[in-house]
Engineer: 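Before anything else, here's the structure in question.
The chain is numbered in sequence order, starting from 1.
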Amino acid sequence: MTEKTNQKTGGAGERPTPMEVLRAARDQLAELTGMTAESVSSFEQREDGWTLEVEVLELERVPDTMSLLASYQVELDPDGQLTGYRRVRRYERGRSDARRPGGR
């Protein structure tokens with residue numbers, strides 16, 4: 001394998017790249033919950049793994065601004081394997097969250 005291929009796929013003993021972790025977290029959460037993971041709103045690498053907050057579409061409505069989304073805190077091990085998740089909030093797509101920094 002070339003150096004570029006090793007970086008992309010991760011070789012033995014190598015930690016996954018942040019983008020690999022983001023993709024893996026979204027895919028694993030979607031598979032476990034059966035819901036669409038729309039985006040990652042926060043991301044942190046720690047010594048014992050990774051913590052992410054993933055926005056998930058829980059209930060699609062018309063108009064789209066009334067759809068229900070949820071934020072899930074997702075924990076992954078250093079290799080990017082999901083070890084746990086929990087829903088931390090639920091909200092309508094068109095509504096801002098005044099409880100969180102930056103919310104209006």
Side-chain angles (χ1 to χ4, degrees):
M1 269 192 216
T2 67
E3 180 74 24
K4 191 170 193 170
T5 304
N6 281 339
Q7 288 176 350
K8 233 179 165 180
T9 60
E14 290 182 26
R15 290 185 90 168
T17 66
M19 286 308 298
E20 289 170 332
V21 171
L22 293 174
R23 287 184 190 110
R26 288 178 59 174
D27 292 346
Q28 291 175 72
L29 184 63
E31 186 174 343
L32 285 170
T33 63
M35 295 180 280
T36 303
E38 293 205 340
S39 64
V40 176
S41 58
S42 70
F43 172 77
E44 179 184 4
Q45 182 177 5
R46 301 181 329 256
E47 284 185 30
D48 61 340
W50 310 80
T51 299
L52 295 85
E53 193 164 310
V54 180
E55 306 306 314
V56 172
L57 176 62
E58 287 202 335
L59 181 61
E60 192 167 10
R61 291 184 175 162
V62 175
D64 188 49
T65 55
M66 297 303 291
S67 293
L68 289 179
L69 299 171
S71 293
Y72 282 79
Q73 181 177 324
V74 179
E75 304 289 333
L76 296 100
D77 68 15
D79 297 322
Q81 296 300 307
L82 193 139
T83 59
Y85 69 91
R86 67 184 179 96
R87 184 171 67 191
V88 293
R89 66 186 175 114
R90 194 173 192 207
Y91 57 97
E92 291 176 342
R93 184 186 299 274
R95 193 170 295 206
S96 64
D97 188 351
R99 295 177 296 137
R100 297 179 67 97
R104 305 254 183 252

Engineer: Are Thr33 and Tyr85 packed together at the side-chain level, in the sense that at least one heavy-atom pair is separated by less than 4.5 angstrom?
Structural biologist: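 Yes, close enough: below the 4.5 Å cut-off.
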Engineer: Quick one: CG on Asp27 to CG on Leu82, what's the gap to the nearest 0.5 Å?
Structural biologist: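 Rounded to the nearest 0.5 Å, the CG-CG separation comes to 11.0 Å.
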Engineer: First locate atom CZ of Arg93, then atom CG of Asp64, and finally report the distance between them rounded to the nearest 0.5 Å.
Structural biologist: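 Reported value, rounded in 0.5 Å steps: 4.0 Å.
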Engineer: With clusters defined by side-chain heavy atoms of hydrophobic residues (ILVMFWY) lying less than 4.5 Å apart, directly or transitively, does Leu32 cluster with Leu52?
Structural biologist: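 Yes, same cluster.
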Engineer: Keeping the roles fixed (side chain from Glu53, backbone from Tyr72), state whether a donor-acceptor pair exists under 3.5 Å.
Structural biologist: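 Not a single qualifying donor-acceptor pair exists.
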Engineer: Shared ILVMFWY cluster between Met35 and Leu57, side chains joined below 4.5 angstrom?
Structural biologist: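 No.
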Engineer: So do Thr36 and Val56 actually touch side chain to side chain, heavy atoms under 4.5 Å?
Structural biologist: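 They are not in side-chain contact.
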Engineer: Within this structure, what is the CG-OG distance for the pair Leu69 and Ser41, rounded to the nearest 0.5 Å?
Structural biologist: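 Separation between the atoms: 10.5 Å.
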Engineer: Please test Arg89 against Glu55 for side-chain contact (heavy atoms from CB on, under 4.5 Å), starting from the C-alpha separation and ending with a verdict.
Structural biologist: CA-CA 10 Å; Arg89 66 186 175 114; Glu55 306 306 314; 4.0 Å; yes
Engineer: In terms of heavy-atom contacts, does CD of Glu31 have more than 12 from other residues, nucleotides or ligands at under 6.0 Å?
Structural biologist: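 No, the 6.0 Å shell around CD holds no more than 12 heavy atoms from other groups.
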Engineer: Before giving the answer on side-chain contact (heavy atoms from CB on, under 4.5 Å), spell out for Ser71 and Val54 the whole-Å C-alpha distance, their side-chain angles and the decisive distance to 0.1 Å.
Structural biologist: CA-CA 5 Å; Ser71 293; Val54 180; over 6 Å; no
Engineer: How far apart are the C-alpha atoms of Arg61 and Leu68, what are their side-chain angles, what is the distance that settles it, and do they pass the side-chain contact (heavy atoms from CB on, under 4.5 Å) test?
Structural biologist: CA-CA 8 Å; Arg61 291 184 175 162; Leu68 289 179; 3.9 Å; yes
Engineer: Taking only Lys NZ, Arg NE, NH1 and NH2, and the carboxylate oxygens of Asp or Glu, determine whether Arg26 and Glu38 approach each other closer than 4.0 Å.
Structural biologist: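 Salt bridge: no.
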Engineer: Between the main-chain N or O of Glu75 and the side-chain N or O of Thr83, is there a donor-acceptor pair closer than 3.5 Å?
Structural biologist: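 Yes, because the side chain of Thr83 sits within donor-acceptor range (under 3.5 Å) of the backbone of Glu75.
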Engineer: Just wondering, do Trp50 and Val74 contact through their side chains at under 4.5 Å, heavy atoms?
Structural biologist: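 They are not in side-chain contact.
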Engineer: Where do Arg87 and Gln73 land on the side-chain contact (heavy atoms from CB on, under 4.5 Å) test, with the steps shown first?
Structural biologist: CA-CA 6 Å; Arg87 184 171 67 191; Gln73 181 177 324; over 6 Å; no
Engineer: Treating Gln81 as the side-chain partner and Asp77 as the backbone partner, does any N or O pair qualify as donor plus acceptor under 3.5 Å?
Structural biologist: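 Between the backbone of Asp77 and the side chain of Gln81 there is no qualifying donor-acceptor contact (under 3.5 Å).
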Engineer: Of the non-hydrogen atoms in Pro16 and Pro78, which two are nearest, and what is the gap between them?
Structural biologist: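 It is CD-O, 3.3 Å.
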Engineer: Could you see if Leu59 belongs to whatever hydrophobic cluster contains Val62? Use Ile, Leu, Val, Met, Phe, Trp, Tyr and a side-chain cutoff under 4.5 Å.
Structural biologist: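 Result: no, two separate clusters.
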Engineer: So that I can tick it off, tell me whether Asp79 and Arg15 are bridged by a salt bridge, with the cut-off set at under 4.0 angstrom between side-chain N and carboxylate O.
Structural biologist: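 Looking at Arg15 and Asp79, the cut-off is not met.
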Engineer: Minimum heavy-atom separation for Ala30 to Ala37, with atom names?
Structural biologist: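 In terms of heavy atoms, the two residues are closest at CB-N, 4.4 Å.
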Engineer: Tell me, please, which residues at least two apart from Asp48 pass salt bridge (Lys or Arg N to Asp or Glu O under 4.0 Å).
Structural biologist: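 Testing Asp48 for salt bridge (Lys or Arg N to Asp or Glu O under 4.0 Å), a comparison that skips the adjacent residues, returns Arg46.
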